[in-house]
Amino acid sequence: MPIVKYPRATEPLWHEWDRKAQKCGLRHTVYSVNGDRYTGEWLDNLKHGEGIQVWKRGTAIYSGDWKFGKRDGYGSYSILDPVTKEYKKVYTGWWKNDKKCGYGVMFYPGVERYEGEWSGGLRSGWGRMYYQDGSIYEGQWLKDRPGGQGMLRLPNENRYEGGWEDGKKHGPGKFFYLDKGQLFEGIWAADIPKCGILIDFGRAEAPAPTQYPIPKV
């Protein structure tokens with residue numbers, strides 16, 4: 001009886017493409033059942049290199065560098081505006097281990113914006129924060145709040161320069177009341193001045209000076 005030889009079964013072509021993409025870093029698109037989508041480079045079945053991640057059918061996008069499945073390197077994160085249907089950038093800068101780390105710019109709702117250093121996803125190091133009311137803080141940050149030395153400039157140009165702790169004025173500092181032409185220099189604790197001296201400062205140029213000058217001691 002003659003021996004019949006059947007052709008050897010071969011694996012589907014997409015298996016070969018997937019294997020090459022994982023090993024060689026080729027760009028490849030993978031869809032998740034929840035609607036997420038990633039297009040980019042791979043290494044050992046992990047996102048690695050440059051790529052774009054789209055979350056939950058396009059409500060958020062990250063475009064940038066990846067390292068072993070996590071955002072790592074330089075990249076930007078944007079969310080979809082439900083009204084305009086356009087993507088609004090939320091953060092652009094450096095990442096490490098899937099968290100903001102290094103220098104970056106964060107855009108908050110409204111006009112608030114932070115430019116500066118990050119660590120573990122929190123504002124830490126030197127940075128400048130633009131607030132909704134027009135105030136600007138520039139200085140050191142610790143665990144997402146002003147901490148160390150910094151300056152807060154108010155919309156009326158009055159400003160505080162000195163120490164901060166847990167987001168509040170703390171330690172030696174100076175408050176310039178430029179609208180009144182006065183300067184307070186002293187010690188602060190949890191945003192409250194505890195002791196110090198108040199003197200006239202730039203009284204002649206002040207837009208609303210006090211009625212009487214402060215007598216010299």
Side-chain angles (χ1 to χ4, degrees), residues 9-147 167:
T10 59
E11 64 178 351
L13 186 59
W14 68 269
H15 279 183
E16 180 181 354
W17 291 344
D18 186 59
R19 185 172 61 255
K20 288 181 179 179
Q22 295 174 15
K23 292 183 179 179
C24 303
L26 299 177
R27 296 185 66 84
H28 196 62
T29 299
V30 171
Y31 297 86
S32 302
V33 294
N34 63 356
D36 294 352
R37 181 178 77 251
Y38 172 79
T39 301
E41 298 175 327
W42 295 78
L43 180 65
D44 295 333
N45 206 30
L46 294 173
K47 303 164 191 170
H48 191 87
E50 295 184 358
I52 300 174
Q53 172 76 42
V54 182
W55 282 279
K56 295 184 179 179
R57 294 181 174 83
T59 58
I61 289 181
Y62 169 80
S63 176
D65 298 326
W66 297 78
K67 187 175 181 180
F68 300 117
K70 296 182 179 181
R71 291 169 289 186
D72 200 299
Y74 189 84
S76 62
Y77 178 78
S78 305
I79 60 174
L80 185 66
D81 190 306
V83 178
T84 64
K85 302 301 180 181
E86 296 180 352
Y87 283 100
K88 296 177 60 177
K89 191 170 292 184
V90 175
Y91 174 81
T92 180
W94 293 91
W95 303 72
K96 186 175 182 180
N97 199 28
D98 220 31
K99 295 181 179 180
K100 306 175 192 73
C101 187
Y103 183 85
V105 180
M106 181 81 175
F107 301 90
Y108 297 89
V111 299
E112 292 194 343
R113 181 174 85 253
Y114 172 80
E115 304 171 352
E117 297 176 317
W118 299 76
S119 179
L122 302 176
R123 293 168 289 186
S124 294
W126 178 92
R128 182 187 297 116
M129 181 73 189
Y130 298 85
Y131 294 97
Q132 185 77 29
D133 64 356
S135 301
I136 301 175
Y137 172 81
E138 182 174 358
Q140 295 174 309
W141 293 74
L142 182 64
K143 296 182 180 179
D144 221 33
R145 294 185 177 184

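We use all heavy atoms of the structure for the numbers below, so side chains are in, but hydrogens, waters and symmetry mates are not.
- Closest non-hydrogen pair, Glu112 versus Met129, comes out as OE1-CE, 3.9 Å.
- A 4.5 Å side-chain heavy-atom check between Trp95 and Asp72 finds every atom pair outside the cut-off.
- Nearest heavy-atom pair, Tyr137 versus Tyr131, reported as atom, atom and distance to 0.1 Å: CB-CE1, 3.9 Å.
- If you take CH2 on Trp55 and CG on Asn34, they are separated by 11.5 Å, rounding to the nearest 0.5 Å.
- With rounding to the nearest 0.5 angstrom, the NZ atom of Lys67 is 12.5 Å from the CG atom of Leu46.
- Among Glu41, His28, Gln53, the one residue that satisfies the side-chain hydrogen bond (donor to acceptor under 3.5 Å, both in side chains) test with Lys47 is Gln53.
- Put simply, the side chain of Asp65 reaches to within 4.5 Å of the side chain of Glu50, judged on heavy atoms.
- Evaluation of the salt bridge (Lys or Arg N to Asp or Glu O under 4.0 Å) test over residues 114-128, restricted to residues two or more places apart or in two chains, returns Arg113-Glu115, Glu115-Arg128, Arg123-Asp144, Arg128-Glu138.
- Within the model, atoms OG of Ser119 and CH2 of Trp141 stand 14.5 Å from one another, a figure rounded to the nearest 0.5 Å.
- When all heavy atoms of Arg71 and Tyr77 are compared, the pair lying nearest together is NH1-CD1, 4.0 Å.
- Looking at heavy atoms from C-beta onward, Val30 lies out of side-chain contact with Arg37 at the 4.5 angstrom threshold.
- Taken to the nearest 0.5 Å, the NZ atom of Lys88 stands 10.5 Å off from the CG atom of Leu80.
- Residue Tyr91 forms a ring-ring contact (aromatic ring centres under 6.0 Å, His included) with just one option from Trp118, Tyr103, Tyr62, Tyr74, and that option is Trp118.
- Summarising the geometry of Lys143 relative to Ser124, their closest heavy-atom pair is N-OG, 3.3 Å, with the distance given to 0.1 Å.
- In this structure, NZ on Lys89 lies 9.0 Å from OG on Ser63, to the nearest 0.5 angstrom.
- Residues Ile52 and Trp66 approach most closely at N-NE1, 4.4 Å, considering heavy atoms.
- Taking all atoms of both residues into account, the shortest heavy-atom contact from Gly127 to Tyr114 is CA-OH, 3.5 Å.
- Side-chain atoms of Asp36 come within 3.5 Å of backbone atoms of Lys56 as a donor-acceptor pair (strictly under, hydrogens ignored).
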